[in-house]
> 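Please read through the structure below; I'll follow up with questions.
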Amino acid sequence: MKKLINDPDEVVADALLGIDAAHPELRVDHEHKVIYRAEPKADGKVALVSGGGSGHEPLHGGFVGPGMLDAACAGEVFTSPVPDQMMAATTEVDRGAGVLHIVKNYTGDVMNFDMAAELADDDDVRVETVVTDDDVAVTDSLYTAGRRGVGVTVLLEKIVGAAAEEGTDLDGVKAIAERVNAGGRSMGLALTSCVVPSAGEPTFELGDDEYELGVGIHGEPGRERRPMAPAAELAEHLLAPILDDHDYTDGPTIAFLNGMGGSPLLELYLMYGEVRRLLDDAGIAVARSLVGNYITSLEMAGCSLTLLAVDDDLLRLWDAPVSTPGLRWGA
Amino acid sequence: MKKLINDPDEVVADALLGIDAAHPELRVDHEHKVIYRAEPKADGKVALVSGGGSGHEPLHGGFVGPGMLDAACAGEVFTSPVPDQMMAATTEVDRGAGVLHIVKNYTGDVMNFDMAAELADDDDVRVETVVTDDDVAVTDSLYTAGRRGVGVTVLLEKIVGAAAEEGTDLDGVKAIAERVNAGGRSMGLALTSCVVPSAGEPTFELGDDEYELGVGIHGEPGRERRPMAPAAELAEHLLAPILDDHDYTDGPTIAFLNGMGGSPLLELYLMYGEVRRLLDDAGIAVARSLVGNYITSLEMAGCSLTLLAVDDDLLRLWDAPVSTPGLRWGA
Amino acid sequence: MADEVDLGTLVAWLRRFDERVQDERAHLTKLDSAIGDADHGANMARGMAAVRELLDGADTSTGEATIGGLFKKAGMTLVSKVGGASGPLYGTFLLRFGSSGGDRTSLDADGLADALDAALGGVVARGKAEAGDKTMVDAIEPAVAAMRDAIDGDQPLAAAVAAAAEAAAAGRDATEPMRARKGRASYLGERSEGHLDPGATSSALLFRALADAVESAG
Amino acid sequence: MADEVDLGTLVAWLRRFDERVQDERAHLTKLDSAIGDADHGANMARGMAAVRELLDGADTSTGEATIGGLFKKAGMTLVSKVGGASGPLYGTFLLRFGSSGGDRTSLDADGLADALDAALGGVVARGKAEAGDKTMVDAIEPAVAAMRDAIDGDQPLAAAVAAAAEAAAAGRDATEPMRARKGRASYLGERSEGHLDPGATSSALLFRALADAVESAG
Ligand SMILES: Nc1ncnc2c1ncn2[C@@H]1O[C@H](COP(=O)(O)OP(=O)(O)O)[C@@H](O)[C@H]1O
Ligand SMILES: Nc1ncnc2c1ncn2[C@@H]1O[C@H](COP(=O)(O)OP(=O)(O)O)[C@@H](O)[C@H]1O
Ligand SMILES: [Mg+2]
Ligand SMILES: [Mg+2]
Ligand SMILES: [Mg+2]
Ligand SMILES: [Mg+2]
């Protein structure tokens, strides 16, 4: 393993020092490993707390700021944060209007956020939770852990952040969050594994002529291993299961081509070109595009595609000003 | 080689389709492989044209937009664009106040831009050129090709873009550009090689226990191969040659920790934390920070550090609004 | 052989579990690489190191120390230090064990079985996994059942915990052919078959540590 | 043996160079990987493929076709298609060759040597490299000198271009121990030693192609 790190078990703590130094507009609680806005939002507005394992940067810490999150809890690499972190963050950011927890659907994340919400209840902060589960690579079922939350989380944090900034109340914010999650579907693929620092070696091995289809963002192996194929074909393999699962033909969409961290931006744009060609063919209208590394899996090469059905209201919230290290416009 | 591409010789053309689809605020001339702002700037303002080999994204195409470049010429991967591209771009973006060519100091880039400037002269567009050469890994000498242009190019395009937007004339814009280049120094390192699509294999091989110090952005091998070391030590190896070459103690600086493309953002922040510790120790004041993948070398793992000496004027220009896919604030 | 486990033996249990976890850290991570995200070893090692620090600082010799007090602290330590799926699950295990032990400072065979049963109940309540879902429940549930059987069969305490350890190991091995329905391995669908579950493997270490602690105390 | 090269032979030269470049594409890239950026093969292959297309479309049999006309077009094609260092340099080489050839449709030995000299002059003017800088100049300069020597020694044209090809090959080989002072390889400092220069290698192909074309025409 070669990485720009010191002690593999201190990667997150060390990286938070750099985030702190790089971003005067953020405040880092190093004890709890929570990233806050330096300037808290105004009283009476709903606050948003998210968090998850580290290694997905800029998600979530890079999405803290006006128009998006109020706090992000950084877990160890690929390990959900602990309830203490969410409790500290929740108490800290509440402005009297309650707090929405944005949780990606992984057993660990859900359990830790659950415990935090249970404990926060005692503290008289109203907490609601939205759990994202957009990954069509995983068969949804009542009897399993269900789908993973992946790319839609980025879009949701942006849209819901704008709603909270506008003054929407907690129930309203939660309803928008659920609408976004319901209209979002994602599919990912990996060309290489990532290397978890504390593990020291690649999580999985892939041959030079194969790729993992349906990979998640934790470097967990995907659903299927396939022979490597040109970008045009890979784009079909990403899009088909999304369109099988949800109809995107009767309204505008946001198309989000996300990099897993290790693929050059040039290739991500190339993939997006392929996706757009397919979307045109399928009669799906793209109102907004997002291309880049937003929810990553350390140095994994690969990408994921997320489609989100939107209406005028969601588009307005998407276009609203946002000012975070990871997403910034209109401000 | 596993990449998100189709024909390895068509990577740039294919990626431009995706850039075009993703960015309605840009206009792509696919024949010339030039990226323009969709809305040209106002008459009477100096225009900025840059360009270079592809594979460094977001540089340069991702820096086209209000407050930064007017056009970027995309060469083949790691190959300077050709004079036809610069000529087309120069003619297209001129608003009567002349055009500044921003060229990274590589033999190919300089020669191709030279030819373009020679030919553009005939066309009654006033062209001035600034050549960036901030890479202290290369010994500067009259008898060699001189230093490479690397990280400072990003900072220069931002600062000079703001000056042009303000209405500074061509001589003034050029003078600012030269001041920025004179005050910038960079040093890079690589943990892995990149893979040029048309070559199909890694440009160089690195053992599991070594890294390349003084690597450039084309995957050309660096000055020295060293045993792998912790981030704290790597930061020293990046910073020391910069401080040997330039004194940054008597004024504020912009510190820019750039990713080569394949290292996780988490590690880039971690490196930045180490750099800041060293800068504090050296009594160097950091006024602004930039951390992320801005001038990359395809999927190369590693990073570079750039320091830029600034004054109030340059800081004001740095802080001025910018709205491009790669850098955006205040707008 | 004692027919009770006292606080000292229970502390020894946790210390032995810590040792086993640190020894097996790389192995647990390797198992998690195959069907998860390669962090189970680091998670358990981090958590049990924190529990060890807690034990180092705790005075269990005074009359004030109780099973409830100690195990709740240990459980909260896991909850606060581990994260992921294993943090809440092992944390809840120890918390519920503590609640069941309450003010007592030692447990007889039945008391121990009750506490382990409560702990298992906590894991199931928190994680909603059933037997056969390829999780730690597949090691813990048979272990608790084997212990109860042994006690019902009037076997001595040491034999009962030894039976529990063996059942946990067998339960761990039985996860290999299973298809995961809970936790991260469930994303693999049928590709999760043919691999031991990491959490079941660490749970087998937990019951082995208990048997060893009881035997040593004997 | 003819003592002149006509337009047909010069076209054959460019076609042979194209063939050699396509054949050696991977090798040129490999050389450029060692001390550059792994694109020299692709650059030359792209450029010469475009020149080939130009030649396919050009009618060189009519009286209107001249060396100047054809080589300026070929040079501009390289300038417009290649980029990098080799585009302007090889482009300028052909442009200057064309200027020197002018309205003529064939060149005698002196005329050919003059045109090659002019071409070399263009490369040096554009790139400012001197002999020993580890660039294509280290192949081209001795080639032109060897040709001139052969002509001064009254050798026939075919022998002169064969001598040029041999001198270019020797010049290429001589770049191996050199430390680069120009171009991308200069960034490597002393680590550039011990590798053939890619541009000198493609230039040796250029002179080999010329000798072969002249010999076949003979
Ligand atoms: N719902 C659940 N119920 C019981 N055990 C579970 C559940 N989900 C996961 N586990 C256990 O947790 C183990 C994984 O723990 P760990 O790797 O530390 O956390 P994570 O899966 O969050 O990375 C699995 O091997 C499994 O035994
Ligand atoms: N200043 C120069 N003068 C002459 N030849 C040069 C000069 N700089 C580079 N070259 C030649 O160009 C070759 C590299 O060409 P190529 O790889 O196509 O371009 P780039 O270096 O821009 O990637 C070198 O091997 C060298 O022979
Ligand atoms: Mg995990
Ligand atoms: Mg090149
Ligand atoms: Mg895990
Ligand atoms: Mg090259």
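Everything numeric in this text was worked out from a predicted model, so none of it was measured. Order of the sequence lines fixes the chain letters, A, B, ..., with proteins taken first and strands second; residue numbering starts at 1 for each chain.
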> Let me know if B/Leu290 has heavy atoms under 4.5 Å from chain A in its side chain, its backbone, both or neither.
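Nothing of B/Leu290, per the 4.5 Å heavy-atom cut-off to chain A.
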> Once rounded to the nearest 0.5 Å, what's the spacing between atom NZ of B/Lys33 and atom CD of B/Glu31?
10.5 Å
> Measure A/Glu274 against the heavy atoms of chain B and call it side chain, backbone, both or neither at under 4.5 Å.
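Just the side chain, heavy atoms under 4.5 Å.
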> Side chain, backbone, both or neither: which part of B/Pro325 has an atom under 4.5 Å from a heavy atom of chain A?
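Side chain of B/Pro325 only, per the 4.5 Å heavy-atom cut-off to chain A.
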> Tell me, out of B/Leu17, B/Leu270, B/Asp20, B/Asn293, who's got the most heavy-atom pairs with chain A below 4.5 Å.
B/Leu270
> Could you tell me whether B/Lys2 and A/Glu210 have a side-chain N and a carboxylate O separated by less than 4.0 Å?
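So B/Lys2 does not pair with A/Glu210 through a salt bridge.
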> Using non-hydrogen atoms and a 4.5 Å limit, figure out which bit of B/Ala331 sits close to chain A: side chain, backbone, both or neither.
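Contact with chain A: backbone only.
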> Kindly state each residue pair satisfying ring pair (Phe, Tyr, Trp, His ring centres under 6.0 Å) with at least one member in residues 259-290 of chain A, sequence neighbours excluded.
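Matches after skipping sequence neighbours: A/Tyr269-B/His23.
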> How many angstroms lie between atom NE2 of B/His60 and atom CD1 of B/Ile295, to the nearest 0.5 angstrom?
6.5 Å
> Any chance you could measure A/Ile217, atom CD1, to A/Ser304, atom OG, to the nearest 0.5 Å?
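Answer for the CD1-OG pair, A/Ile217 versus A/Ser304, is 8.5 Å.
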> Highest number of heavy-atom pairs under 4.5 Å with chain A: which of B/Val77, B/Asp208, B/Asp7?
B/Asp208
> Output the option from B/Gly62, B/Pro264, B/Gly273 having the highest count of non-hydrogen pairs under 4.5 Å with chain A.
B/Pro264
> Of the backbone (N, CA, C, O) and the side chain (C-beta and beyond), which part of A/Leu189 lies under 4.5 Å from a heavy atom of chain B, both, or neither?
side chain
> Could you tell me the separation between the CZ atom of A/Phe204 and the CZ atom of A/Arg225, rounded to the nearest 0.5 Å?
6.5 Å
> For residues A/Ser323 and A/Arg328, determine if any side-chain heavy atom of one lies less than 4.5 Å from a side-chain heavy atom of the other.
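The answer is yes; the side chains approach within 4.5 Å.
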> Tell me, for A/Val11 versus chain B, whether the close heavy atoms (under 4.5 Å) come from the side chain, the backbone, both or neither.
both
> Which distance, rounded to the nearest 0.5 Å, do you find between the NE2 of A/His30 and the CG of A/Leu16?
6.5 Å
> With a 4.5 angstrom heavy-atom cut-off, is it the side chain or the backbone of B/Val275 that approaches chain A, or both, or neither?
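For B/Val275, no heavy atom lies under 4.5 Å from chain A.
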> Under a 4.5 Å heavy-atom cut-off, does chain A meet the side chain of B/Ile19, its backbone, both or neither?
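Both backbone and side chain.
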> Checking heavy atoms, do the side chain of A/Leu298, its backbone, both or neither come under 4.5 Å from chain B?
both
> Heavy atoms only, distances under 4.5 angstrom: which of B/Lys3, B/His56, B/Arg288 has the most pairs with chain A? Name it, please.
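Of the options given, most contacts go to B/Lys3.
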> Could you tell me which of B/Leu191, B/Leu234, B/Val286 has the largest number of non-hydrogen atom pairs under 4.5 Å with chain A?
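So the answer, after comparing B/Leu191, B/Leu234, B/Val286, is B/Leu191.
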> With rounding to the nearest 0.5 angstrom, report the CG to CG distance, A/Leu59 to A/Asn258.
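Reported value, rounded in 0.5 Å steps: 9.0 Å.
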